[in-house]
Amino acid sequence: MPKDSLSITDNRTGTQYEVPIQDGAIRASDLRQVKVGDDGAGLMSYDPGYVNTAPCRSAISFIDGDKGVLRYRGYPIEQLAEHSSFLETAYLLLHGELPSAAALDGWIREITHHTFIHENIKKFIDGFHHDAHPMGVLVSTVAALSTFYPEAKNIHDEASRRMQIIRLIAKTPTLAAFAHRHAVGMPYAYPDNDLSYSGNFLNMMFLTTEVKYVPNPTLQRALDVLFILHADHEQNCSTSAMRNVGSSNADPYSCTAAAAAALYGPLHGGANEEVLRMLRAIGAKDRIPAYIERVKRGELRLMGFGHRIYKSYDPRATIIKRVADQVFDVTGKNPLIDIAIELERIALQDDYFVSRKLYPNVDFYSGIIYEAMRIPVDMFPVLFAIGRTPGWLAQWQEMLLDKEQRIARPRQIYVGPAKRDYVPIEQRG
Ligand code: CMC
């Protein structure tokens with residue numbers, strides 16, 4: 001019977017060690033029995049970018065990067081995008097199971113009830129410059145919510161945790177839409193609790209003179225599907241930020257602000273914004289080959305391409321391409337789609353991209369849809385943040401309930417100077 005363990009021989013000393021293997025992993029701390037110096041220090045694993053380090057066990061989302069599979073709590077993303085709603089998916093992520101009809105009704109009612117924000121928040125949104133990036137506004141206002149709900153510090157109290165989770169899912173779209181209204185100099189449009197989650201977001205973004213905003217059902221559904229597709233994605237950069245900050249027992253508003261800040265970067269949730277700027281810069285199909293050559297020379301990255309985990313097509317990108325057609329039936333075709341499709345076609349025939357397994361990711365087509373819906377480019381990462389909020393919160397809660405988790409505190413390999421004595425300033429060269 002083969003043993004579920006790894007035998008390690010330290011070739012410097014001939015000492016043998018046996019390390020158990022569980023769930024396809026060894027515990028990094030088991031390596032510490034292998035001594036590396038006279039001071040008794042144990043062997044560490046060096047892993048910049050955490051490419052082969054699992055900091056947790058998680059039951060929330062599953063990705064098979066080679067096969068292009070994504071599931072939330074076991075349910076294929078394709079089925080959720082087809083049949084579920086964003087709030088139902090949020091419930092699934094947070095509770096582990098799909099809700100009964102009564103539980104879903106109650107959940108939607110609770111979220112809808114908490115969409116309003118304190119009037120004081122409007123005052124400090126007013127203080128931002130007119131051209132403030134809405135992602136900066138979102139990060140700051142989400143963090144500020146912690147000062148309005150000081151009881152959020154009671155992170156080990158289940159009822160308090162639940163309350164803050166509901167508030168965060170409910171208020172993030174309001175903060176996001178208010179950031180947009182401030183940027184365009186429009187009066188803030190208050191939530192309309194008669195509307196669905198996504199319909200209400202469109203209302204807060206676009207209400208002008210009408211007494212009651214009526215969202216287009218196709219666009220409302222498209223937005224809901226886009227939120228579903230972004231809702232969770234295992235231990236990505238922003239989710240890791242959420243868990244890292246949460247591991248110090250910070251309140252969930254501060255953790256979510258940190259996660260949103262991580263999402264803002266152009267290599268993560270900021271990529272959708274960069275894709276659109278890239279497609280606009282390319283401008284015409286005949287300029288694609290020259291652009292690809294620049295990418296291959298290392299001058300630029302093809303934004304919306306490549307993924308740390310997916311080494312075949314990102315399943316979310318496949319669904320988004322379908323949604324784009326439905327949206328264009330209402331809005332008219334966004335001409336950038338033709339450039340994107342041609343860019344994808346040319347890239348996927350080129351050995352540079354094929355050999356590196358670089359395929360379109362979720363961000364490649366999402367921006368083209370948002371633009372067709374008249375959502376400004378700098379709001380794209382904000383929409384990603386709205387969709388990802390339930391995932392961040394589910395991961396945060398899972399971390400708090402996991403007895404194995406401790407404050408996140410990685411090690412380092414020190415490569416700086418050895419001890420040296422302070423030199424008075426007049427004696428420095
Ligand atoms: N364009 C051109 N070359 C690329 C790209 C790209 N988009 N992505 C990776 N490469 C190359 C990279 O230069 C490297 O080549 P070489 O081996 O010759 O040095 C190789 O592919 C591996 O790249 P890497 O940077 O080691 O891969 P990573 O896993 O660290 O990075 C990534 C993943 C998503 C940050 C990267 O693919 C990227 O920068 N993509 C563009 C930004 C983007 O679209 N981000 C959205 C990700 S999906 C949404 C989300 O979850 O945030």
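Numbering of ligands and ligand atoms starts at 1, following listing order. Keep in mind that what you see is a predicted model, and the values were worked out from it rather than measured. In this chain, residues are counted from 1 in sequence order.
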J.: Quickly, which of R243, Q405, R57 forms a side-chain hydrogen bond (donor to acceptor under 3.5 Å, both in side chains) with E398? Name it, please.
T.: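 Filter result, single survivor: R243.
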J.: Using a plain distance cutoff, I'd like to know if F384 has any nitrogen or oxygen under 3.5 Å from a nitrogen or oxygen of ligand 1.
T.: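 No: no nitrogen or oxygen of F384 is under 3.5 Å from one in ligand 1.
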J.: Taking all non-hydrogen atoms of both residues, which atom of S85 and which atom of D224 are closest, and how far apart?
T.: CA-OD2, 3.3 Å
J.: Is Y50 atom OH crowded by more than 12 heavy atoms from other residues, nucleotides or ligands, each under 6.0 Å away?
T.: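 12 or below, so no.
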J.: Is a donor on one side and an acceptor on the other found under 3.5 Å between the side chain of Y72 and the backbone of A231?
T.: yes
J.: Please work out, at 4.0 Å between heavy atoms, whether the side chain, the backbone, both, or neither of Y352 comes within that distance of ligand 1.
T.: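 Just the side chain.
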J.: In the protein, what heavy atom is nearest to atom 40 (N) of ligand 1, and what distance, to one decimal place, separates them?
T.: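 It is F305 O, 2.9 Å.
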J.: Do the charged groups of R162 and E158 touch, with an N to O distance under 4.0 Å?
T.: no
J.: Indicate yes or no for a side-chain donor-acceptor contact from S160 to the backbone of D157 under 3.5 Å, with no hydrogens or angles considered.
T.: no
J.: Against heavy atoms of R308, which atoms of ligand 1 measure under 4.0 Å?
T.: 28 (P), 29 (O), 30 (O), 33 (C)
J.: Of all the non-hydrogen atoms in the protein, which one sits nearest to atom 42 (C) of ligand 1, and at what distance?
T.: M303 CE, 3.5 Å
J.: Closest non-hydrogen protein atom to atom 34 (C) of ligand 1, residue and atom name please, with distance?
T.: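 Going by distance alone, atom 34 (C) of ligand 1 is nearest to G306 O, 3.7 Å.
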J.: Which residue holds the protein heavy atom closest to atom 2 (C) of ligand 1, what is that atom called, and what is the gap in Å?
T.: V295 CG1, 3.5 Å
J.: For atom 47 (C) of ligand 1, which of the options V362, N361, N236 provides the nearest non-hydrogen atom?
T.: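 It is N361 that holds the nearest heavy atom.
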J.: Check each of E234, H230, R301, H233 against atom 24 (P) of ligand 1 and report the one with the nearest heavy atom.
T.: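 When every heavy atom of E234, H230, R301, H233 is considered, R301 comes closest to atom 24 (P) of ligand 1.
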J.: Which of the listed options, K357, H268, E274, holds the heavy atom that is closest to atom 50 (C) of ligand 1?
T.: H268
J.: Going from CG on N200 to OG on S198, what distance comes out if it is rounded to the nearest 0.5 angstrom?
T.: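 If we round to the nearest 0.5 Å, N200:CG and S198:OG are 9.0 Å apart.
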J.: Which option out of T239, D314, L358, L300 puts a heavy atom nearest to atom 4 (C) of ligand 1?
T.: L358
J.: For R411, what residues pass the side chain to side chain donor-acceptor pair (under 3.5 Å) criterion, not counting sequence neighbours?
T.: none
J.: For atom 8 (N) of ligand 1, is the nearest protein heavy atom closer than 4.0 Å?
T.: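 So far as the 4.0 Å threshold goes, atom 8 (N) of ligand 1 is in reach of a protein heavy atom.
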J.: Taking N or O atoms only and a 3.5 Å limit, does L302 qualify as a polar contact for ligand 1?
T.: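 Between L302 and ligand 1, an N or O pair is found under 3.5 Å apart.
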J.: Can R27 and E404 be counted as an ion pair, charged N to O under 4.0 angstrom?
T.: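 A salt bridge links R27 with E404.
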J.: Considering only heavy atoms of A271, which atoms of ligand 1 have at least one such atom less than 4.0 Å away?
T.: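 Answer for ligand 1: 43 (C), 44 (O), 45 (N), 46 (C).
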J.: Quick one: which of H307, R316, R356, R388 has a heavy atom closest to atom 20 (C) of ligand 1?
T.: R356
J.: Is there a nitrogen or oxygen of L267 sitting under 3.5 Å from a nitrogen or oxygen of ligand 1?
T.: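 Yes; at least one N/O pair falls below 3.5 Å.
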J.: For atom 26 (O) of ligand 1, is there a protein heavy atom at a distance under 4.0 Å?
T.: no
J.: Are there more than 12 heavy atoms of other residues, nucleotides or ligands under 6.0 Å from atom CZ of R221?
T.: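 Yes, because the 6.0 Å sphere around CZ of R221 holds more than 12 heavy atoms from other groups.
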J.: Any nitrogen or oxygen of G304, side chain or backbone, less than 3.5 Å from one on ligand 1?
T.: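 Yes; the residue has a nitrogen or oxygen that sits under 3.5 Å from a nitrogen or oxygen of the ligand.
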J.: What's the shortest distance from atom 46 (C) of ligand 1 to any protein heavy atom, and which residue and atom give it?
T.: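 Minimum-distance protein heavy atom for atom 46 (C) of ligand 1 reads D363 OD2, 3.4 Å.
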J.: Applying ring-ring contact (aromatic ring centres under 6.0 Å, His included) between Y91 and each of Y197, F86, W107, report the one that passes.
T.: W107
J.: Should the pair R356 and Y352 be classed as cation-pi, given the thresholds of under 6.0 Å to the six-membered ring centre and 45° from the axis?
T.: yes
